[in-house]
J.: 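Have a look at this one before I ask anything.
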Protein chains: 4
Amino acid sequence: MSATPATPAKKTAPDAARRSERSRRAIYDAALSLIGEIGYPRTTIEGIAARAGVGKQTIYRWWGSKAEVLMEAFMDLNEQNARAAAEQHPGTPVGASGLPDTGDLAADLKRVLRATVDELKDPRFEAPARALAAEGLSDPAFAENFVRKLLMPGLDLYAARLRSAQEAGQVRAGIDPETARDLFVSPIAQRWLQGTGPLDHAYTDRLVEYALYGIAARPRDPEAD
Amino acid sequence: MSATPATPAKKTAPDAARRSERSRRAIYDAALSLIGEIGYPRTTIEGIAARAGVGKQTIYRWWGSKAEVLMEAFMDLNEQNARAAAEQHPGTPVGASGLPDTGDLAADLKRVLRATVDELKDPRFEAPARALAAEGLSDPAFAENFVRKLLMPGLDLYAARLRSAQEAGQVRAGIDPETARDLFVSPIAQRWLQGTGPLDHAYTDRLVEYALYGIAARPRDPEAD
Amino acid sequence: MSATPATPAKKTAPDAARRSERSRRAIYDAALSLIGEIGYPRTTIEGIAARAGVGKQTIYRWWGSKAEVLMEAFMDLNEQNARAAAEQHPGTPVGASGLPDTGDLAADLKRVLRATVDELKDPRFEAPARALAAEGLSDPAFAENFVRKLLMPGLDLYAARLRSAQEAGQVRAGIDPETARDLFVSPIAQRWLQGTGPLDHAYTDRLVEYALYGIAARPRDPEAD
Amino acid sequence: MSATPATPAKKTAPDAARRSERSRRAIYDAALSLIGEIGYPRTTIEGIAARAGVGKQTIYRWWGSKAEVLMEAFMDLNEQNARAAAEQHPGTPVGASGLPDTGDLAADLKRVLRATVDELKDPRFEAPARALAAEGLSDPAFAENFVRKLLMPGLDLYAARLRSAQEAGQVRAGIDPETARDLFVSPIAQRWLQGTGPLDHAYTDRLVEYALYGIAARPRDPEAD
DNA sequence: GCTTAACCGAGACGGTACGTCCAGTCTTCCA
DNA sequence: TGGAAGACTGGACGTACCGTCTCGGTTAAGC
């Protein structure tokens, strides 16, 4: 729901008020479908313009690169999905964090991570998401944007949930929530991005288990401390 | 009596025996230096050929793409580094796994992860490594190769070290070493790849601590509380 | 309502109305000067584009080959020359045929052929003309075009002049003008094209003499001898 | 039948005595067949070498260019044809000139020119001959060779025949035989090379008729008409 | 008859140009 | 004036050949 167009313009900024909503939607659709069909590297701005029935200049006027188009298209897709999901399940009990909070941290995490894995494997989601991640790898400025706008909001939910658990005494006091969150989120990210191993519910369950209770044999026993 | 054509080729396979070592080295050097100077996306095969003083066809004869060139160049670089390192520190006490094994799992892991982070931040290493990761994101076949040849060998060392610790009774019996290894390796990977947070020695130390002993308050410990 | 696509194109025909006149002229100039400087075979499309300050695609968009470019450039050159000549000598008395018609066939032919030889030896004219002829030798379709557009118009003038002489009773009745014209035109063409002998005014005068009056000793003439 | 190898060598001249006759023949055959199949411009030295089962260097060692290979191959072909023809018709009565000399100049010329036209239209002959002519158009040095070795010998026969007729009083005394010969030879050459008109027996008969007796009405003959 | 120098097939090499595809800019004409 | 259309300059693509250069292997001359 941003009013100001975050995308800066080269010469004199175009008048966003007169912008064609029709073209914008067509460009989003064309970009996403092309990436799904022929992959991101073979998707070209010319191709997007042609499929969208739009002049190339219309794209260059409002976006600075293929990656920017994709990022907005992807965010738009997510918004639509979120709206649709919200309509279907109107009364999901969630904590202040936005993640379920039944009081049982392990169960909550397992549930959410299973759902996350399922979403990551959705083909409509996978191609653009990977493309954005790839772009970020070689363009630090883009990466910064990508992380801030797309990645961080999701990751913060986990940190918030852990903080809440910490306040409830279920997580040790000194634990840094951001680091702790990485213990189960990053392994999923890496297996999804790089395919370093199978990515399934058993795996995510194990991650939660190990992260919560540690892998060391009887660590910090009562006699210890 | 033609030798076995180990190199897979498109048309009639070139004769690897008559390959010019001089050109191969020059191509590696040119590729790595260009990637360092102008970045991977702006590095072109023509540019590599020009800087290496080599015909384009010589590149296309032996490699299928810019990414393949880079991968071999990077592997060659690693080999050289490894050889150089081995010469400098001839008698490092390592376990059968290839990682240090002093008996103190936490200390060993912290030491290795700190070193890993330092290496990841080496500018000579960073640009090509990120480029390879990026390429893998949009080319599954390449990703498979990349993971198998470059990533997995490193990751397996951690799993082996954990297995050894498990046999020594320092890690709980049921723990899956591959999953456990991801607990401290993947967070580092993600912070390096995507910049989701600071990547320093304090972070890696925390990861080891959390992964070994868990983040839950007195986990599964009846006497605790 | 797209204009009639007079220009035959491969894919979707480009819009000739939006063609850049500037580029077209620059391409003509570059092509002709390069052919003059380094010769036709060593003239490349890339070279023409570079000297003309034009993208290669602009050439490929409007022409199918180096030879086509040259043909149009050469025709353009001829048009300019003709226009310039017409301005300089506004009132040259010519017959309906376009060739001088003073009533003295032999004198008229000698005059025109001498001028033709002089033109053939003009270095600005020679290189491209020879190149076009050469191209026609190995490309029948091109030859057809070349003959029809460039060669035949000139040759037809001679046939017309002969026909006019025939009607005036200066040429025997049964004579085929096309064949007769070849008697003095083709020898010039061959000496120019292949260098089978010296090409000068004496030669062309002789040709006219021989062709008009025959080489046989008092042929078919009972009263003669 | 020259003993000295007319072809100059770049570095140290190769030893012609040790030359492989087998390869030479194979190269001739490959060159001629390729030119017949795909045309001269698309025939490459690599292609000739491949079809001949010969290394590229073997061609570069003995010839300086594709055109030189073709020229020798063509001359070899002509020699073989001449030998074969001589065997078939052992006792053709020819004059000292090498052309038939029955005393009837017109008839002799018509006969030979008809045969020449037939030969020009032989597909085995046409492709290489046109290619050689084309090459000569853009390479003066090659043209000189081509004319001297291949064209001139044939043309000289006509001049010689005309000189003989001149001595017999059938051709006017002042006539230059070289110019006179061009009157019927060059038109055939041009129609064959450039396709400026139909090339058949009727045409060549007409050429002889016109050249011998002139096209002018009763030329220079006061008593006539 | 045994060396030895060369020609030979083969093909990798540094290059040049090909003809195609897109990037990003600019222009024209329409709504 | 935003947008559809697309021509423009420019540059990289991957391919085809060029002419040069090794590399064994064969083969004929000279010892």
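What's counted below: heavy atoms across the whole structure, side chains too, no hydrogens, waters or symmetry copies. Note on naming: letters A, B, ... go to the chains in the order of the sequence lines (proteins, then strands), and numbering restarts at 1 for each one. Computed from a prediction, not measured in an experiment: that's the story for all the values here.
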J.: Contact class for B/T44 (heavy atom, under 4.0 Å): base, sugar-phosphate, or nothing?
T.: sugar-phosphate
J.: Rounding to a whole Å, what distance do you find between C/I59:CD1 and F/dC8:C1'?
T.: 13 Å
J.: Tell me: CD of B/Q57 to P of E/dA12, nearest whole Å?
T.: 10 Å
J.: Using heavy-atom distances to pick each residue's nearest nucleotide on DNA chain E, tell me which of A/G47 and B/A49 is more 5'.
T.: B/A49
J.: Check the distance between E/dG14's C1' and B/I27's CD1 and give it to me in whole angstrom.
T.: 11 Å
J.: Just the rounded figure in Å: distance from P of E/dC22 to CD1 of A/I48.
T.: 12 Å
J.: By nearest nucleotide on DNA chain F, pick out whichever of A/T58 and C/E46 is the more 5' one.
T.: A/T58
J.: Can you check the C/R51 CZ to F/dT9 P distance for me, whole Å?
T.: 17 Å
J.: Figure out the CZ/C1' separation between C/R18 and E/dT25, and round it to whole Å.
T.: 13 Å
J.: Should C/S23 be listed as having a side-chain N or O under 4.0 Å from OP1 or OP2 of F/dT9?
T.: yes
J.: Going by heavy atoms in the side chains, are B/Y40 and B/K66 under 4.5 Å from each other?
T.: yes
J.: Give a yes or no answer on whether the side chain of B/T58 reaches the backbone of B/V54 with a donor-acceptor pair at less than 3.5 Å.
T.: no
J.: Looking at every strand, decide which applies to B/G53 at a 4.0 Å heavy-atom threshold: base, sugar-phosphate, or nothing.
T.: sugar-phosphate
J.: Expressed as a whole number of angstroms, how long is the span from C/R42:CZ to F/dC17:P?
T.: 21 Å
J.: How far apart are the C-alpha atoms of C/S33 and C/R51, what are their side-chain angles, what is the distance that settles it, and do they pass the side-chain hydrogen bond (donor to acceptor under 3.5 Å, both in side chains) test?
T.: CA-CA 9 Å; C/S33 65; C/R51 175 168 295 194; 2.9 Å; yes
J.: Taking atom types as they are modelled, is there a donor-acceptor pair under 3.5 Å from the base of F/dG19 to the side chain of D/K56?
T.: yes
J.: If I take atom CD in residue D/E21 and atom P in nucleotide E/dC8, what distance separates them, rounded to the nearest angstrom?
T.: 11 Å
J.: Looking at D/R25, I want to see if its CZ is surrounded by more than 12 non-hydrogen atoms of other residues, nucleotides or ligands under 6.0 Å.
T.: yes
J.: If we only count heavy atoms from C-beta on, is the A/L70 to A/L32 side-chain gap below 4.5 Å?
T.: yes
J.: Can you check whether D/W62 has a side-chain N or O nearer than 4.0 Å to OP1 or OP2 of E/dC8?
T.: yes
J.: Do any side-chain nitrogens or oxygens of B/R61 fall under 4.0 Å of OP1 or OP2 in E/dC13?
T.: yes
